[in-house]
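Just the heavy atoms: all of them, side chains too, but no hydrogens, waters or symmetry mates, feed the values below. Just so you know, ligand 1 is whichever comes first in the structure, and atom 1 is the first atom listed for that ligand.
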Amino acid sequence: MAKAVEIKNGGYFCAECNRTHIKGKIYKDHLKYAQDDDAEDVNIGEKDDEAEEEILEDDIEDYDDDQELIEAFDELEQLNEEEDLEEEIYASEDIEECIKAVKSLPGVGEATLNKLIKSGFNSLESIAYTPPNIIINDSGLGEKTTAKLIKASMERLGIGFKSAEDIWERRKNIARITTSSQELDDLLGSGIETGSVIEFFGEFRTGKTQICHQLCVNVQLPREQGGIEGNALYIDTEGTFRPERIIQMSEAKDLDYQKVLKNIVFGRAYNSDHQILLIKEAANIIKEKNIKLIIVDSLIGHFRSEYIGRGTLANRQQLINQHLHDLLRLCDIYPELAIVVTNQVQSKPDVFYGNPLRAAGGNVVAHGSTIRVYLRKGKGEQRVAKIVDSPSLPESEAVFAITEEGIKDG
Ligand code: ADP
Ligand code: MG
């Protein structure tokens with residue numbers, strides 16, 4: 001394989017895709033390799049990362065001060081623009097601003113900054129939402145320093161102080177959508193609440209997509225029947241949306257299925273970029289189309305298949321985090337909006353996540369979702385739901401059933 005060589009102002013020239021690269025950005029050409037399941041290609045990605053790290057380590061240490069480093073990145077940005085590479089660059093964050101923010105964290109001197117940047121942690125988000133052990137491994141920073149950096153980054157990104165009264169005012173206005181199962185509704189504290197992101201995670205065929213379909217019907221119901229008289233936006237990343245199921249579920253409730261179908265805005269996301277874009281665009285139609293429920297089924301499937309290998313993990317986590325924050329922001333802006341995302345987990349936990357009850361996506365999804373519901377199979381059509389990590393709900397279980405008419409009590 002061709003090696004990434006030829007140092008240019010803090011970046012490197014990658015013979016693999018014939019481009020000058022900036023550390024911390026993701027390039028389409030490498031994505032092609034990442035998307036290919038072939039083990040050999042995954043190795044190519046990893047070798048590239050090694051080469052990149054080696055070269056940047058030498059290179060970055062040549063810089064006298066941070067300003068020079070920032071200028072070097074600037075130059076590289078310009079260089080890339082001249083080569084008309086803008087479209088090739090996936091993460092469009094302003095690197096200079098991000099680096100400044102990282103540099104302003106308490107205790108970050110030149111050496112720490114360089115270590116962080118060269119291992120791809122060039123923004124507060126990437127530090128706050130990457131598991132500490134990965135930051136430690138990739139950057140070589142110590143445990144204590146890493147913990148401090150994560151804490152400080154989280155504080156910086158976070159949420160300033162509000163009075164509890166403000167929060168209570170907001171929570172009083174929360175509306176709820178029934179799931180059509182009393183037990184599941186009770187488990188969730190009277191149904192799916194607005195103003196939050198609710199994550200259903202579990203193995204294949206545990207009912208995640210069926211719940212999403214049911215909620216698209218139920219959100220349209222009058223309030224006295226458990227709806228909130230709104231429409232749904234369905235982002236399908238796996239191609240599993242079935243209007244037939246909507247028809248069956250509508251007829252079971254004596255609804256005019258044509259009306260119900262009309263009130264579901266559908267978007268098929270073909271890759272993670274497209275998915276991110278659809279959510280950004282969603283903001284423009286929420287008011288206009290009276291959208292009160294957004295479904296993303298599934299949230300991280302594309303990210304998982306596109307970013308393979310350890311070298312890409314920090315970028316993947318950062319993109320998922322940004323995506324999730326786009327969703328959470330929508331909830332903040334539109335308190336009458338409920339957001340439901342799904343997340344597939346395998347029974348065999350993968351290397352990064354020791355606990356099988358942990359959804360794919362690691363810390364990022366755990367921090368971003370407000371309510372997490374783990375689904376597993378029961379007998380026959382029965383399914384068991386369990387609340388995990390909710391700020392206000394007990395960790396209890398509910399049994400429901402998936403039938404031809406939709407979700408019911410088990
Ligand atoms: P996932 O968690 O993978 O998204 P689904 O939500 O697609 O799983 O659930 C699939 C399950 O839903 C099937 O195993 C089946 O039990 C049930 N199901 C799907 N369609 C119907 C139907 N028309 N009638 C009854 N059960 C159905
Ligand atoms: Mg599904």
Asks: Which of the numbered atoms in ligand 1 are under 4.0 angstrom from any heavy atom belonging to Thr206?
Replies: 1 (P), 2 (O), 8 (O)
Asks: Can you find a pair of side-chain heavy atoms, one from Ile279 and one from Val296, that are under 4.5 Å apart?
Replies: yes
Asks: In terms of atom number and element, which parts of ligand 1 are under 4.0 angstrom from non-hydrogen atoms of Phe204?
Replies: 3 (O)
Asks: In plain terms, say whether Glu397 and Arg376 are close enough for a salt bridge, that is, a side-chain N and a carboxylate O under 4.0 Å apart.
Replies: yes
Asks: So which protein heavy atom does atom 12 (O) of ligand 1 come closest to, and at what separation?
Replies: Gln210 CG, 3.4 Å
Asks: Quick one: which of Leu149, Ile127, Thr145 gives a side-chain contact (heavy atoms from CB on, under 4.5 Å) with Ile135?
Replies: Ile127
Asks: Whether the side chain of His213 engages the backbone of Arg242 through a donor-acceptor N/O pair (distance < 3.5 Å, no angle test) should be reported.
Replies: yes
Asks: Short list, please: which atoms of ligand 1 are under 4.0 Å from a heavy atom of Gln248?
Replies: 23 (N)
Asks: So is Arg383 in contact with ligand 1, going by heavy-atom distances below 4.0 Å?
Replies: yes
Asks: What protein N/O/S atoms are there under 2.8 Å from the Mg ion (ligand 2), waters excluded?
Replies: Thr209 OG1
Asks: Which residue and non-hydrogen atom of the protein lie closest to atom 4 (O) of ligand 1, and at what distance in Å?
Replies: Thr209 OG1, 2.7 Å
Asks: Going by the order shown, which atoms of ligand 1 are within less than 4.0 Å of some heavy atom of Glu203?
Replies: 2 (O)
Asks: At what distance is the nearest protein heavy atom to atom 10 (C) of ligand 1, and which residue and atom is it?
Replies: Arg205 CA, 4.0 Å
Asks: Does any part of the side chain of Asp297, heavy atoms only, come nearer than 4.5 Å to the side chain of Glu238, both counted from C-beta?
Replies: yes
Asks: Who's closest to atom 23 (N) of ligand 1 heavy-atom-wise, of Glu404, Lys208, Arg245?
Replies: Arg245
Asks: What I want to know is whether Gly207 and ligand 1 share at least one N or O pair that is separated by under 3.5 angstrom.
Replies: yes
Asks: Where the side chain of Gln214 meets the backbone of Thr179, is there a donor-acceptor pair that is under 3.5 Å apart?
Replies: no
Asks: If we ignore hydrogens and angles and just use 3.5 Å, is the side chain of Gln220 paired with the main-chain N or O of Val260 as donor and acceptor?
Replies: yes
Asks: State whether the side chain of Ser196 and the backbone N or O of Ile198 hold a donor-acceptor pair below 3.5 Å, judged by distance alone.
Replies: no
Asks: Between Thr403 and ligand 1, which residue portion shows a heavy-atom distance shorter than 4.0 Å: side chain, backbone, both, or neither?
Replies: backbone
Asks: Are Arg268 and Phe241 in a cation-pi contact, defined as NZ or CZ under 6.0 Å from the six-membered ring centre and within 45° of the axis?
Replies: no
Asks: Please answer whether the main-chain N or O of Phe201 pairs with a side-chain N or O of Lys208 as donor and acceptor at a distance below 3.5 Å.
Replies: no
Asks: Look at atom 18 (N) of ligand 1 and say which protein heavy atom is nearest, naming residue and atom and giving the distance to 0.1 Å.
Replies: Ile402 CG2, 3.9 Å
Asks: Do Glu229 side-chain atoms and Arg223 backbone N/O form a donor-acceptor pair below 3.5 Å?
Replies: yes
Asks: Looking just at side-chain N and O atoms, do Ser250 and Lys259 make a donor-acceptor pair shorter than 3.5 Å?
Replies: no
